[in-house]
Amino acid sequence: MASISAGVFTSHVPAIGAAMDNGVTGDDYWRPVFAGYEYSRQWMKDNLPDVIILVYNDHASAFDANFVPTFAIATGETFQPADEGWGPRPVPAVQGHPALASHLAQSVIQDDFDLTVVNSLDVDHGLTVPLSLLFGQPEEWPCKVIPLAVNVVLYPPPSGARCYALGQALQRAVASFDEDLDVQIWGTGGMSHQLQGPRAGLINSEFDNNFLDRLVSEPGDLAKVPHIDYVRLAGSEGIELVMWLVARGAMNQQVEQRHRFYHVPASNTAVGHLILENS
Ligand code: DHB
Ligand code: FE
């Protein structure tokens, strides 16, 4: 049977992708950011899964404001990098896993989570930057990736509790797939940031570190934090953190923390990163 072995949590700052694509990761500004992922790149080599379920958000690249699914799972074979205004990132196409993705859709929809099913999808920095951070710049991504998109750009976003419960349904769904597959779940986005309005540039390190602590040790309670607290304390784009709760929900209560990293700033955000293994 398939099972989820580990979770990877990381920010998806687009400027991190640009730093890699433009070969400036060794600059004074970027060196400390990438240093925080050195352990992780080795860990990925040692713990390469068959498939990653990558929980991320689209930033009006594939879904414009006319159609915004709250939760969407991509069942296609291949996903191309999206053109976000400067041409597509020079990264490999993402290879999906249609059989597992269709099984997940069937399982969680019958488990009362109304996912939108997407067959064709271009993937933006929300998905490609985490892959770049963890895998570097390979010719091909080394495993399959199932994109699972969460709406955090158009009001109203789903609650943390709903995201956490969806994760729990995903864990059950993976466990009922009749093939031996090592699956990782990734939660991406965050941490605190606000890109617009009078509070643009807001970063709240105390909130972020508390979120990292509680995501590991008391995720069920953390999932009860209401939307308005994210906006007040972590900024309007801090709401991206609910996606980390989908991933944490798909893991066991007890996890081993393999790696934790926090750094301010990267572009307009705090970068946060965790690697958790199921125990
Ligand atoms: C920035 C961060 C994001 O999460 C995003 O989607 C776009 C920009 C930033 O820090 O600039
Ligand atoms: Fe974002």
Side-chain angles (χ1 to χ4, degrees), residues 8-22 24-25 27 29-30 32-34 36-37 54-65 68-72 79 81-89 91 94 121-134 145 147-158 160 163 186-205 207-208 211-212 215 227 230-231 233-247 261-274:
V8 173
F9 304 80
T10 181
S11 304
H12 66 211
V13 192
I16 289 178
M20 292 182 67
D21 301 342
N22 295 315
V24 296
T25 57
D27 286 8
Y29 183 86
W30 289 113
V33 174
F34 288 96
Y37 288 81
L54 205 155
V55 183
Y56 81 109
N57 71 290
D58 178 75
H59 300 74
S61 306
F63 309 127
D64 68 25
V68 183
T70 301
F71 297 112
F79 310 102
D83 184 345
E84 300 180 58
W86 296 270
R89 288 192 60 213
V91 293
V94 171
L121 177 77
D122 287 353
V123 288
D124 74 9
H125 69 269
L127 186 135
T128 62
V129 167
L131 290 175
S132 297
L133 273 169
L134 276 295
V145 177
L148 199 157
V150 178
N151 168 40
V152 288
V153 298
L154 187 75
Y155 195 82
C163 288
W186 291 17
T188 67
M191 296 200 83
S192 58
H193 62 304
Q194 172 142 350
L195 301 175
Q196 72 236 289
R199 295 200 308 164
L202 177 148
I203 287 176
N204 183 343
S205 300
F207 175 95
D208 290 337
F211 186 92
L212 293 170
L215 190 78
H227 164 256
Y230 289 91
V231 177
L233 299 171
S236 50
E237 278 68 47
I239 190 62
E240 289 183 344
L241 283 169
V242 293
M243 297 184 290
W244 293 38
L245 287 165
V246 178
F261 174 63
Y262 184 75
H263 176 81
V264 176
S267 188
N268 301 296
T269 87
V271 167
H273 174 40
L274 282 173

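Just follow the structure's listing: the first ligand is 1, and inside any ligand the first atom is 1.
Ligand-side atoms of ligand 1 in range of Asn268: 9 (C), 10 (O), 11 (O), range being under 4.0 angstrom from any heavy atom. Of all the atoms in ligand 1, the ones that sit under 4.0 Å from a non-hydrogen atom of His193 are 2 (C), 3 (C), 4 (O). Within the listing of ligand 1, atoms 2 (C), 9 (C), 10 (O) sit less than 4.0 angstrom from a heavy atom of Thr269. Close approach of ligand 1 to Ser267 is summarised as follows: ligand atoms under 4.0 Å from at least one heavy atom of the residue are 9 (C), 10 (O), 11 (O). The distance from ligand 1 to the heavy atoms of Glu240 drops below 4.0 Å at these ligand atoms: 4 (O), 6 (O).
His59 and Glu84 are not linked by any side-chain donor-acceptor pair at a separation below 3.5 angstrom, with hydrogens and angles left out of the test.
Taking 4.0 Å as the cut-off, His12 counts as a neighbour of ligand 1 on heavy-atom distance. The shortest separation from a heavy atom of Ala15 to ligand 1 is not under 4.0 Å, leaving the residue out of contact.
The aromatic rings of Phe211 and Trp244 sit perpendicular to each other, their planes meeting at more than 60°, with 30° as the lower class boundary.
Between Phe79 and Pro147, the closest heavy-atom pair is CE1-CD, 3.5 Å. Shown here for Asn151 and Pro158, the closest heavy-atom pair between the two residues is O-CD, 3.1 Å. The two residues Ala149 and Phe63 make their nearest non-hydrogen contact at CB-CE1, 3.9 Å.
Listed by chain and number, His12 NE2, His59 NE2, Glu240 OE2 are the protein N/O/S atoms closer than 2.8 Å to the Fe ion (ligand 2), with waters left out.
Rounding to the nearest 0.5 Å places CG of Asp83 at 11.0 Å from CG of Asp124. Of the inter-residue distances, the one linking Thr269 atom OG1 with His263 atom NE2 reads 9.5 Å to the nearest 0.5 angstrom.
A donor-acceptor contact shorter than 3.5 Å is absent between the side chain of Asp27 and the backbone of Trp30.
The protein non-hydrogen atom at the shortest distance from atom 1 (C) of ligand 1 is Pro14 CD, 3.6 Å.
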*For Leu54 and Leu131, what are the C-alpha separation, side-chain angles and deciding distance, and is it a side-chain contact (heavy atoms from CB on, under 4.5 Å)?*
CA-CA 9 Å; Leu54 205 155; Leu131 290 175; 3.9 Å; yes
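Checked against ring pair (Phe, Tyr, Trp, His ring centres under 6.0 Å), Tyr155 has the following partners two or more places apart in sequence or in another chain: His227.
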